[in-house]
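Remember, it's 1-based here, ligands and their atoms both numbered in the order they're listed. Predicted model, so just to flag it, every value in this text is computed and none were measured.
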Amino acid sequence: MQTLNEIANSLVTGGKGLLAMDESTGTCNKRFAALGIPETLEARRAYRELILTTPQLGVCISGVILYDETIRQAAKDSTPFLKLISDAGIVAGIKVDKGAKDMAGHAAEKITEGLDGLRERLREYFQMGARFAKWRAVMTINGHGPSWSCTEANADALARYAALCQEAGLVPVVEPELLMAGDHSLARCGEITEKVLRIVFGKLYEQGVALEGMILKPNMVLPGSACLKQESADQVADATMQCLLRSVPAAVPAIMFLSGGQSPELASARLNALNVRSEDHRPWALSFSFGRALQQPALEIWNGDDKNFTAAQQALAYRAKCNGAARRGEYTPEMETK
Ligand code: 13P
C-alpha cells in the first residue's frame with residue numbers, strides 16, 4: 001500500500017496538479033444559474049461527465065477533487081465516474097467538509113463544519129477508492145483581519161480533520177483560504193496569510209499530523225480585488241514566497257494553490273512566476289489545485305448545450321496544459337494567443 005507521503009508526492013510529479021470539481025450542489029447551481037444552465041441533478045452529472053471524459057486529462061491533472069454527489073455518479077453509458085478517473089491515471093479525492101457556516105457571535109465570519117461522523121465518512125470514501133480529501137476554511141481580510149477566535153476555531157477544525165484523514169489512509173489537503181474580496185494591499189494579505197498559516201501549523205502539530213503526508217492548499221498572497229494597486233506577477237510571487245517560507249515547514253511535500261476568483265490567465269502567470277523565481281530555494285513542490293481557473297472557460301462554452309461538448313473539453317484541456325506549463329515554470333503569455 002502506498003504511504004501518505006507517496007500519495008502526496010504522486011499528486012505533484014510530472015508537472016501535474018489538481019482539478020477541483022467539488023462544488024457543492026448550491027455552489028454548482030449558482031455557477032449554472034449565472035449562465036442560464038438548468039440547476040438540475042442531470043445537468044450537474046452531464047457537466048461532470050464532460051470534465052471526466054476530456055481526452056488526455058491525465059497529462060496535466062494528477063488528481064480530481066469530487067463532491068459526495070459526484071463520487072457516486074456514472075457516465076451516460078453507466079461507467080462509474082470513479083472508473084473513468086482511474087482509467088485516466090488520475091487519483092480520486094473528495095471534499096469532506098460540510099461547508100462554511102455563519103459563526104455564532106461573529107458577524108460576517110464563517111466557521112467550517114463537518115467533523116461529526118467524519119471518521120465513518122472517510123472510511124467509506126477510502127473503500128470507494130479516494131486517496132485524498134479536502135477541507136476548506138474561509139476567512140476574510142477586513143480592517144482587523146479575521147478575528148482570533150475565527151482563525152483559531154477554523155485552524156483547530158482543519159487539524160482535527162487532517163488527523164482523521166491520515167488515520168483513514170487519506171492525504172489531507174488543508175485549505176485555509178483568505179478571500180481576495182476587499183481593498184486590502186498585497187502586504188496586508190501577506191501579513192494575515194502568514195499569521196493564519198502559523199496558527200494552522202501550530203494546530204497540526206498539536207493534533208499529531210504528519211507533515212510529510214499532507215498537502216497545503218493556500219491562497220496566493222494577492223492585493224484585494226478592489227485594491228487600486230495591482231502588483232505584477234513577479235511581485236505577487238515574491239510576496240507569496242516570503243510568506244510561505246516564513247510559515248510552512250519544509251517537511252510539507254507540496255503546496256497546491258487555490259485560484260480564488262483570479263482570471264485563468266492571471267492564475268497561470270502567477271503560478272509560473274512562483275516556480276521560476278523560487279527555483280533555487282523552495283523546499284516544497286508548487287502546483288495548482290484550481291477550480292474556477294481551470295473550469296470557467298469550459299463551463300461558459302458548454303453552457304448546458306451538448307453541441308458545445310467537444311469545444312468545452314478542448315478549453316478545459318487547454319487550461320490544464322497552461323497550468324501544467326506554469327507548474328514547471330514554462331508558461332508564457334503567448335500561450336494564450338494560440
Ligand atoms: P477555486 O480555484 O475556484 O478557488 O476553487 C478551489 C477550491 O477547491 C476552493 O475550495
Side-chain angles (χ1 to χ4, degrees), residues 11 16-32 34-35 47-48 51 60-71 91-101 110-114 130 132-141 154 157-158 161-162 165 171-182 189 193 196 200 214-222 224-225 236 240 254-271 274 286-300 315-316 319-320 322-324 326-327:
L11 297 175
K16 299 189 194 185
L18 302 180
L19 165 58
M21 50 179 291
D22 60 325
E23 298 83 6
S24 63
T25 302
T27 302
C28 189
N29 282 346
K30 206 165 68 187
R31 304 236 163 105
F32 280 13
L35 296 168
Y47 175 59
R48 267 66 183 253
I51 293 177
C60 296
I61 301 297
S62 55
V64 288
I65 314 176
L66 305 168
Y67 180 57
D68 184 73
E69 176 180 289
T70 320
I71 198 170
V91 182
I94 179 80
K95 167 195 177 77
V96 298
D97 67 69
K98 296 263 187 186
K101 308 287 164 60
K110 303 275 184 195
I111 176 72
T112 300
E113 297 186 350
F132 69 101
K134 183 194 103 172
W135 179 291
R136 172 177 179 252
V138 55
M139 286 159 270
T140 38
I141 302 176
N154 272 304
L158 276 168
Y161 137 82
C165 282
V171 169
V173 174
V174 173
E175 182 179 6
E177 175 174 4
L178 273 317
L179 292 175
M180 193 168 71
C189 180
T193 303
V196 168
V200 168
M214 65 161 277
I215 286 173
L216 179 70
K217 174 166 174 164
N219 51 281
M220 293 180 192
V221 173
L222 300 174
S225 47
V236 163
T240 304
I255 297 179
M256 305 180 88
F257 295 98
L258 59 94
S259 60
Q262 304 175 64
S263 72
E265 295 78 10
L266 268 181
S268 298
R270 288 164 171 169
L271 177 63
L274 270 155
L286 294 178
S287 190
F288 58 90
S289 176
F290 294 163
R292 284 163 285 179
L294 276 165
Q295 289 185 48
Q296 196 60 26
L299 179 61
E300 287 171 16
L316 173 63
R319 289 274 32 109
C322 288
N323 289 311
R327 189 254 172 279

Quiz item: Is ligand 1 under 4.0 Å from a heavy atom in the side chain of Glu177, in the backbone, in both, or in neither?
Solution: neither

Practice problem: Can you sort out the partners of Phe290 under ring-ring contact (aromatic ring centres under 6.0 Å, His included), two or more places apart, ordered by chain and number? | Solution: Phe288

Exercise. Please could you name the atoms of ligand 1 that Ser289 approaches to less than 4.0 Å, counting only its heavy atoms?
Key: 6 (C)

Practice problem: Please test Ser268 against Arg319 for side chain to side chain donor-acceptor pair (under 3.5 Å), starting from the C-alpha separation and ending with a verdict. | Solution: CA-CA 8 Å; Ser268 298; Arg319 289 274 32 109; 3.0 Å; yes

Quiz item: Hey, looking at atom 8 (O) of ligand 1, which of Met21, Glu175, Lys217 has the closest heavy atom?
Solution: Lys217

Scan the side chains in residues 91-101 for donor-acceptor partners under 3.5 Å anywhere in the protein, sequence neighbours excluded, and list what turns up.
| from | atom 1 | to | atom 2 | distance (Å) |
| --- | --- | --- | --- | --- |
| Lys95 | NZ | Asp97 | OD1 | 3.3 |
| Asp97 | OD1 | Gly99 | N | 2.9 |
| Asp97 | OD2 | Arg136 | N | 2.9 |
| Lys101 | NZ | Lys98 | O | 3.0 |

Exercise. Run the contact test for Ala267 against ligand 1 with a 4.0 Å cut-off on heavy atoms, strictly below, and give the result.
Key: no

Quiz item: If every non-hydrogen atom of Glu175 is compared with every non-hydrogen atom of Leu158, which pair is closest and at what distance?
Solution: N-CD2, 3.8 Å

Quiz item: What residue and heavy atom of the protein are closest to atom 5 (O) of ligand 1, and at what distance?
Solution: Gly291 N, 3.5 Å

Practice problem: Pick one of side chain, backbone, both or neither for how Arg136 approaches ligand 1, counting any non-hydrogen atom pair under 4.0 Å. | Solution: side chain

Quiz prompt | Distance (rounded to the nearest 0.5 Å) between Leu178 CG and Thr193 OG1 | solution = 4.0 Å

Quiz item: Mind checking whether Val174 and Ile215 have side chains closer than 4.5 Å, heavy atoms only?
Solution: no

Quiz item: Relative to the heavy atoms of Phe290, which atoms of ligand 1 are at a distance of less than 4.0 Å?
Solution: 2 (O)

Quiz item: Would you say Ala293 touches ligand 1, if touching means a heavy atom closer than 4.0 Å?
Solution: no

Quiz item: Are any of the N/O atoms in Gly260 less than 3.5 Å from those in ligand 1?
Solution: yes

Practice problem: Under 4.0 Å from a heavy atom of Lys134: give me the atoms of ligand 1 that qualify, with their elements. | Solution: 7 (C), 8 (O), 9 (C), 10 (O)

Self-check item: Structural part of Lys95 in contact with ligand 1, heavy atom criterion under 4.0 angstrom
Solution: neither

Exercise. May I ask you to list the atoms of ligand 1 that are less than 4.0 angstrom from any heavy atom of Ala20?
Key: 8 (O)

Practice problem: Taking atom types as modelled, find out whether Gln295 and Tyr47 have a side-chain donor-acceptor pair closer than 3.5 angstrom. | Solution: yes

Quiz item: Should the proximity of Ser259 to ligand 1, defined as any heavy atom under 4.0 Å, be assigned to the side chain, the backbone, both, or neither?
Solution: both

Practice problem: Could you tell me if any non-hydrogen atom of Gln295 lies under 4.0 Å from any atom of ligand 1? | Solution: no

Quiz prompt | Pairwise side-chain contact, Ile65 with Met21, heavy-atom cut-off 4.5 Å (strictly under) | solution = no

Quiz item: Any side-chain heavy atom of Phe132 sitting closer than 4.5 Å to one from Pro172?
Solution: no

